[in-house]
Amino acid sequence: MLYAEGSKNSVEVQIIEKITTSIFPDQKVTAWGETVELKNTLHQSKKIDLVENFNNARILFVAKKIPENIPSNTIIIATNYSLLIKDKRVVGAFFWQKGRPNLLFLRKRMQIANITLDHEFEKYIEDDL
Amino acid sequence: MKIRKKEFFFALFLAITVFIIIMILLEIPKIERDLKNNVKNDLLRTISSIVDNFDHKLQVCVSQHHGQTLNSILEQNPVLRSDLESDLSMITYDDIKYSYVLYRDNENIFRFMLDGATQDKAEFGRKFDIEDQKWQRAYETGQPQLITQEKLYTLWFTYLKPIVVDNKVQGIIAIDFSLEGQKHITEIVEPLHKYVWIFLALLGIGILLSAVQFLLYRLSQKRVYLDPLTGLYNRNFFNDIISTIDYQKYAIAMMDLDKFKIINDTYGHEIGDDVLKKVSNVLKSSIREYDKLIRYGGEEFLLYLSMRDLEQTALMEILNRIRQNVESIEIKAGLITIHPTISIGLNSYTSHFKSEFDAISMADKMLYTAKRTGRNKISSFIPSHKGAEHSIHMLNVHHVKEAIEEKRIFCEYQPVVHLGSNQIVGYEALVRIRDRDGKISYPGMFLPNIVHSNIYKELTLMILQICFQKLRDEQCSISVNLNITDILDDDIYTTIKRHLELIKEDAAFLTFELLEEEQITSLDTLKERIQSLHSLGSKISLDDFGSGYSNFNHIFTLDVDIIKIDGSLIKDIDTSDISYKLVESIIAFARASDKIVVAEYIHSSKVLEIVKELGIIYGQGFYLGKPSETLSTKPDYCP
């Protein structure tokens with residue numbers, strides 16, 4: 001699933017789309033990206049509505065720091081492994097490790113955030129760190 | 001023929017060039033692939049011994065911790081891990097991007113044991129997502145694996161070395177090679193690509209320029225070889241191309257439009273050109289693709305008919321079709337409709353002739369026959385046994401030149417008889433060539449071949465000398481045959497004039513028999529020179545009057561004394577009403593204009609009788625006296 005065809009950016013778009021459609025299968029999701037690169041990536045997706053204000057987003061993609069005062073039901077995905085370790089609000093991370101795309105979700109955090117993922121994500125879900 | 005050869009070689013050159021280019025283009029990726037494989041193998045050779053050493057170190061570790069797996073040993077010993085990771089980091093250099101050791105957990109998920117990275121180091125047990133099945137295979141078989149990374153952007157290939165302890169794989173040492181190594185090779189090969197494309201571009205430009213040049217060459221050739229009026233091949237084509245083909249595989253037809261000069265003079269050059277164009281179109285459409293048609297002269301056409309799969313009868317059918325098609329042309333000139341006709345001389349026995357020139361001469365001769373026997377006809381050369389020999393013995397320029405040098409030129413003299421008194425009044429000098437074996441050649445056997453060469457003039461000058469000598473020896477009237485162009489030739493005219501000025505008494509004995517030509521280019525000069533000969537005391541006779549190019553006007557403009565009626569009219573006078581009436585008209589005209597009439601070709605008593613009845617006073621012919629070297633004193637016949 002992770003080794004999609006295309007450029008690095010296009011792989012990222014495809015994986016992010018898979019994540020969002022798995023979490024929100026019935027609706028076009030509003031998303032917010034922390035960095036310019038993330039905004040660009042999200043902007044390329046036809047399945048995601050990129051929003052300027054994170055308060056309007058259902059899902060946040062964060063690379064460095066989670067903004068303050070985010071709505072409580074917002075789902076946070078990190079693009080950095082260390083952020084996943086550091087902040088317990090992050091339910092999962094999509095990041096590059098040794099030149100390869102990696103995906104990691106934490107079961108407990110998913111339960112707290114009240115989200116489920118398709119069966120094909122099972123091998124990317126860990127009980128704990 | 002030459003053009004086709006050139007086209008063939010040009011196409012061959014292009015094909016070879018394209019083939020070479022394709023081969024080079026196909027070869028470059030192969031060279032690149034081979035180069036990459038060689039570099040890859042070199043890198044593997046270098047790294048495998050290092051990896052083996054590291055593997056050995058891990059094996060030692062396991063052996064020192066009895067009963068424990070490598071995974072549990074490393075999990076419990078962070079210091080050992082740190083030492084080993086430090087060793088691993090030493091492996092990482094330019095070509096090696098990552099070096100690490102993984103183990104597979106119970107759920108077949110790969111996790112880090114050791115990571116040689118200095119930045120973004122993975123901690124022990126971190127999950128690592130890998131999808132290539134070779135990882136699983138390495139674990140299951142215990143054999144090293146090589147993965148070429150086609151979907152990753154920073155990696156070229158990955159070397160996997162399983163850590164086998166007691167026949168059980170306890171982990172995998174993984175070495176990721178940087179894409180930079182491959183990029184170096186691409187950088188090395190890229191200029192080659194570039195040079196090939198530059199070469200290709202230059203070659204393309206070269207080919208384009210050659211093609212343009214070739215096109216221009218063909219266009220200029222077209223201009224050089226095609227007659228602009230009719231679109232037919234011209235004499236240049238004949239000289240350059242036709243002369244190189246095997247003429248013996250063709251029948252040669254010489255064709256000439258009948259009375260074209262009259263059309264031109266009467267209706268103007270515009271109509272004349274129209275006639276030429278229409279006739280040319282008809283000729284083109286009447287022949288086959290592999291026949292060759294040339295506009296040989298003004299209204300003269302030369303046709304090479306391929307004898308491939310062609311019977312004599314079919315050949316005649318083609319020519320007859322041409323003749324009929326030309327006859328059916330209608331050209332409007334005001335209220336008048338012109339129907340041009342064409343006379344054709346055919347030589348289909350070209351293999352009987354030693355040279356192409358001889359073969360064409362025979363076709364020309366046949367054309368002359370067609371013209372003289374009524375026009376709008378095909379006259380074909382048919383070699384009888386004797387005829388074939390005759391044709392084989394046509395003399396060329398070289399033969400005549402030799403004959404002049406060896407003084408084998410001589411004249412026979414045919415008597416001209418006063419039909420009333422039965423007295424010989426003069427002789428017509430007729431040129432002959434005696435070969436080294438004593439055989440005699442007649443004018444028809446050599447004049448057509450030399451008429452356009454310098455030898456012709458030399459021969460004419462020699463005949464004049466022979467006749468002058470005869471005059472001195474015999475003191476009798478002699479007629480010398482000259483073409484109008486001979487009078488216009490400065491050398492010939494000067495020779496005659498000087499002789500007559502030097503030996504004045506010879507002038508009265510000399511008659512110049514002029515053979516008319518279709519077009520007289522310098523009429524004023526001609527008139528002036530004939531007047532000069534007249535004033536010296538010589539007579540001028542118009543030969544073959546009533547044949548091909550006869551022009552009544554010339555009788556006055558050239559101020560001739562004698563009209564010699566054409567032999568073809570006299571020959572048939574006893575059987576042809578037309579001939580009889582024509583002769584009758586000529587005589588009436590001659591009387592009216594106070595000219596002397598001579599009848600040629602009197603070959604029987606019956607013809608002689610008719611000629612006399614018509615009131616002709618002078619006659620000539622085999623019946624009256626055959627040509628001989630010595631002068632006859634009496635006619636051969638007895639009245």
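So you know, we letter chains A, B, ... as the sequences are listed, proteins then strands, and number each from 1.
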- prompt: So how far is it from B:E131 CD to A:K123 NZ, rounded to the nearest 0.5 Å?
  reply: 5.0 Å

Please classify the contact between [X] and chain A as side chain, backbone, both or neither, with a heavy-atom cut-off of under 4.5 Å.
X      : value
B:N108 : neither
B:Y100 : side chain
B:E123 : side chain
B:S178 : neither

message: Looking at A:R100 and B:D132, is there a salt bridge between them, counting it only when a charged N and a carboxylate O are closer than 4.0 Å?
response: no

Should the heavy atoms of other residues, nucleotides or ligands under 6.0 Å from [atom1] of [X] be counted, would the total exceed 12?
X      : atom1 : result
B:K121 : NZ    : yes
A:K108 : NZ    : no
B:N41  : CG    : yes

task: Look at the side chain of B:K97 and the backbone N and O of A:K98, then say whether any donor-acceptor pair between them is shorter than 3.5 Å.
output: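 Answer holds: no.
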
Might you point out which heavy atoms bring [X] and [Y] nearest each other, and give the distance in Å?
X      : Y      : answer
A:L103 : B:D129 : N-OD2, 2.7 Å
A:P101 : B:L152 : CD-CD2, 4.3 Å
B:Y153 : A:V11  : OH-CG2, 3.1 Å
B:R111 : A:E126 : NH2-OE1, 2.5 Å

query: In terms of heavy-atom pairs under 4.5 Å, which option from B:I109, B:D176, B:T154 contacts chain A the most?
result: B:D176

